[in-house]
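Working notes, beginning with the structure itself.
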Amino acid sequence: MANVVTKAVIPAAGLGTRFLPATKAMPKEMLPVVDKPAIQYVVEEAVDAGLSDVLMITGRNKNALENHFDRATEIEATLERKGDTDRLEKVNYSTDLADMHYVRQGDPKGLGHAVLRAKMHVGNQPFAVLLGDDIIDSRDVLLKRMLEVQAGRNTTVVALLEVDPSQIHMYGAAAVETTDEDDVVRVTGLVEKPDADVAPSNLAIIGRYVLRPEVFEILERTEPGKGGEIQLTDALQEMAGDVEGTGGVYGVIFRGRRYDTGDRLDYIKAIVQLAVDREDLGPGLRPWLKAFASNLDSEKPATDNGH
Ligand code: G1P
């Protein structure tokens with residue numbers, strides 16, 4: 001088995017119902033986070049970690065995703081004619097970013113089923129999975145560290161984040177044991193979206209995984225679980241028991257900045273958090289935001305609309 005991770009898989013077949021009507025005719029992955037579609041942050045993260053072979057698992061109504069990472073000759077020609085090199089660079093950047101591949105999920109049978117669709121492309125080597133709802137701040141390191149741990153231990157690695165216990169029902173939750181490395185734990189069990197009172201811990205799986213290819217055989221026989229869907233968490237629970245010598249599952253505890261674009265409130269927060277740190281937008285946004293927030297505190301109506 002070739003042991004080096006070269007491929008990233010990005011499941012992007014979800015319907016985005018939480019964002020209707022915005023997602024009626026447009027994939028949720030194309031929603032802008034500041035001025036880039038959410039999906040571009042995720043592809044950039046994979047490439048930044050050295051994984052430029054990207055397989056996206058898509059579905060119906062997802063053509064915009066393929067178009068975004070392809071040439072846009074009409075726009076390019078117009079910008080060239082105008083001599084607008086800055087914008088032309090931005091357009092070309094996403095075209096040249098990665099070696100993109102696409103496969104459709106077909107039936108929406110859950111995350112485990114989506115990952116199984118990558119079997120042909122990935123073959124018999126470990127690979128990364130990045131979920132589009134989670135954006136990891138590019139100033140903080142996660143995937144690179146996971147790849148390092150995977151290479152060292154030749155095992156399956158998940159990203160874990162400590163969340164408030166009241167939030168754990170929205171995630172896969174991990175039971176863990178410490179290791180000799182401060183940010184690495186051995187995962188002894190996983191439960192998909194448990195109620196807070198039965199959760200094994202408040203360590204939540206966030207959407208980054210480095211999986212050994214044995215996961216495919218396990219997913220092929222994984223029965224539908226939570227929500228009637230084939231859950232990746234259930235397959236990983238089996239791997240955590242070190243079946244067939246796959247080395248078990250380890251977790252990298254992430255202590256950096258992570259933005260959730262999966263629901264409307266967190267999406268708004270993500271945009272504000274990322275925009276205040278931007279050199280082009282931060283200086284204008286920060287003072288306005290402070291004034292707006294103090295108006296909220298004093299319950300006076302906000303009058304300054306930023307113009
Ligand atoms: C999926 C996984 C869950 C994980 C989460 C991270 O759930 O099934 O284990 O904690 O992603 O974002 P989803 O949010 O797609 O329902």
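One-based numbering, in listed order, for ligands and for the atoms of each.
Applying the salt bridge (Lys or Arg N to Asp or Glu O under 4.0 Å) test to residues at least two apart or on different chains, the pairs with a partner in residues 196-209 are Glu45-Arg208. Legend: salt bridge (Lys or Arg N to Asp or Glu O under 4.0 Å) pairs involving residues 153-163, not counting sequence neighbours, sorted by first then second residue: Arg153-Asp180, Arg153-Glu181. For residues 86-99, the salt bridge (Lys or Arg N to Asp or Glu O under 4.0 Å) pairs, not counting sequence neighbours, are Asp84-Arg87.
Between Asp107 and Arg117, no side-chain nitrogen of the basic residue sits less than 4.0 Å from a carboxylate oxygen of the acidic one, so the salt-bridge criterion is not met.
A donor-acceptor pair is defined here as one N or O able to donate and one able to accept, closer than 3.5 Å; such a pair exists between the side chain of Lys62 and the backbone of Ala12. In this structure, the side chain of Asp195 does not engage the main chain of Val198 through any donor-acceptor pair within 3.5 Å.
Closer than 4.0 angstrom to ligand 1 by heavy atom are Leu111, Leu131, Asp134, Tyr171, Gly172, Glu192, Lys193, Ile205, Gly207, Tyr209, Gln231, Thr233, sorted by chain and number.
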